[in-house]
Trainee: 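The structure is given below, and queries will be raised subsequently.
Whatever order the structure lists ligands and atoms in, that order sets their numbers, starting from 1.
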Amino acid sequence: MTILIQGARPYGEDAVDVLVKDGVIAAIGEDLSSTAETVDATGLVLLPGLVDLHTHLREPGREDTETVLTGSRAAALGGYTAVHAMANTDPVADTAGVVEQVWRLGSDAGLVDVVPVGAVTVGLGGERLAELGAMADSAARVRVFSDDGKCVADPALMRRALEYTKALDGVVAQHAEEPRLTVGAQMHEGERSARLGLTGWPAVAEEAIIARDVLLAEHVGARLHVCHVSTAGSVELIRWAKSRGVQVTAEVTPHHLLLTDAQAEGYDATFKVNPPLRTAEDVAALRAGLADGTIDAVATDHAPHAAEDKECEWSAARPGMLGLEQALSVVVDTMVDTGLLTWREVADRMSVRPAVIGRLAGHGRPLEVGEPANLVLVDPGARSVVDPAALASKSRNSPYAGRELPARVVHVLLRGEPTVRDGEVQK
Ligand SMILES: [Zn+2]
């Protein structure tokens, strides 16, 4: 298939034409001509397809809330060409068989590259290491290992996980939460949790694990990735560790860049999430950390939930929010329109670095001739109000319902094939 993209602005810079042929960028220049299908991209920003390090696709086990296909649709509409599917499914993705099943479902859906994450411990039980080598050697080629939803709390087990993943050129993606400090936790521990009568989730529960883990990673000489960093103190710890040469990377979610614990005031459990929404000072520190590169990546932590698990009492609700379809808009709102990130830096934080962390060849590549045509075209000037009923996800727990956000994903190509055309997903 050959497509001529006319008048696109790579990284938001000067407009050019881009010829896509046989899955790669075949030519870039002014006034290219071709008999091929043309896409009028006047005014649209061209970026490498986005890569998510942290998506819950819920299949196998909770197909009532999301499937690999519906999650792939949501991802494509969000501008993604690859997503990492978290391991906390039922059964847990802790064997070569389960990760291969998820990988195959992803390739059957054919809208984004679905990259399975392998569990660190058997059944996410935190007691015995899973078959990390078998998952790495499987057809799914797992390189990211995580018990996300649960912390690998035992320091001896975490040390061994780091040793194994180092040998596999993999990485442990840690959900940093000291469980003894968050028993019964419902929201950020602070003045507000006390007033609302909800058990607090203290910042130190995250920071204590990050401090321990960067020291373990340094000791082992292994890579460590920190999931959904949420506190100012965590940003400081990661900045310190990087200055020492520790091989640590970190991600922040769109919701932690935009929302604060003030959202808990109405007891609307849509805003219950783990780690919880924090204070305005934390949000400012997360934005600054993403801007200066201390935080490497934006990752959605897209977490679909059934209505009965969200439209209930706060304490009974499950934590988690949707993220794939609005992630780029939230990043534009919080980071681009505020002058904190350029479009080139958005590509770095949402495509280039996530692909490097996940060891994904073919994604997060420069917009150059010969590179794979995994591309997204964005209208930066569009604004729209989020309507959960209109989302491609099977669930409706969007924290952005009714909120006006900037930027719209218009076209997406996966290896040169359109997965989204004029804002419409192709499968
Ligand atoms: Zn998590």
Side-chain angles (χ1 to χ4, degrees), residues 52-58 61-62 65-66 71 83-90 92-94 115-121 123-126 130 144-154 158 161 171-183 185-188 201-210 212-213 224-231 234-235 237-238 248-257 259 269-278 282 286 295-305 309-310 317-324 327 354 357-358 395 397 399:
D52 194 12
L53 281 166
H54 194 143
T55 311
H56 297 278
L57 292 178
R58 303 296 190 218
R62 285 304 302 263
T65 63
E66 198 78 289
V83 299
H84 287 77
M86 273 297 171
N88 62 339
T89 48
D90 182 13
V92 170
D94 59 2
V115 185
V117 173
V120 176
T121 68
L124 311 179
V144 180
F145 297 89
S146 182
D147 277 3
D148 183 60
K150 293 189 176 167
C151 182
V152 182
D154 178 338
M158 184 63 180
V171 66
V172 176
Q174 176 72 295
H175 171 114
E177 174 182 357
E178 169 47 58
R180 297 286 298 139
L181 292 172
T182 59
V183 175
Q186 297 293 329
M187 67 172 291
H188 173 64
W201 197 129
V204 67
E206 175 173 304
E207 293 155 5
I209 292 293
I210 294 175
R212 181 199 78 176
D213 285 355
L224 167 72
H225 180 71
V226 185
C227 294
H228 42 50
V229 169
S230 72
T231 80
S234 297
V235 177
L237 284 163
I238 293 161
V248 59
T249 55
E251 68 188 36
V252 61
T253 70
H255 48 269
H256 286 111
L257 289 171
L259 306 172
T270 308
F271 298 103
K272 181 172 173 179
V273 65
N274 187 9
L277 300 173
R278 303 283 185 186
D282 293 307
L286 294 169
I295 298 174
D296 299 81
V298 175
T300 66
D301 196 4
H302 178 83
H305 284 299
D309 291 322
K310 278 301 203 182
R318 292 191 188 214
M321 334 177 136
L322 299 184
L324 284 169
I357 292 165
S395 291
N397 54 307

Trainee: Measure the spacing between CZ of Phe145 and NE2 of His225 and express it to the nearest 0.5 Å.
Mentor: 14.5 Å
Trainee: Which N, O or S atoms belonging to the protein are less than 2.8 Å from the Zn ion (ligand 1)?
Mentor: Asp148 OD1, His175 ND1, His228 NE2
Trainee: Checking Asp301 against His255: is there a side-chain donor and acceptor pair closer than 3.5 Å?
Mentor: no
Trainee: Under the ring-ring contact (aromatic ring centres under 6.0 Å, His included) test, which residues partner His56, sequence neighbours left out?
Mentor: His54
Trainee: Does Asp94 use its side chain to pair, donor to acceptor, with the backbone of Gly123 at less than 3.5 Å?
Mentor: yes
Trainee: Passes side chain to side chain donor-acceptor pair (under 3.5 Å), Arg278 versus Ser230? Steps please.
Mentor: CA-CA 7 Å; Arg278 303 283 185 186; Ser230 72; 2.9 Å; yes
Trainee: What's the shortest heavy-atom distance between Ala85 and Leu57, and which atoms?
Mentor: CB-CD1, 3.8 Å
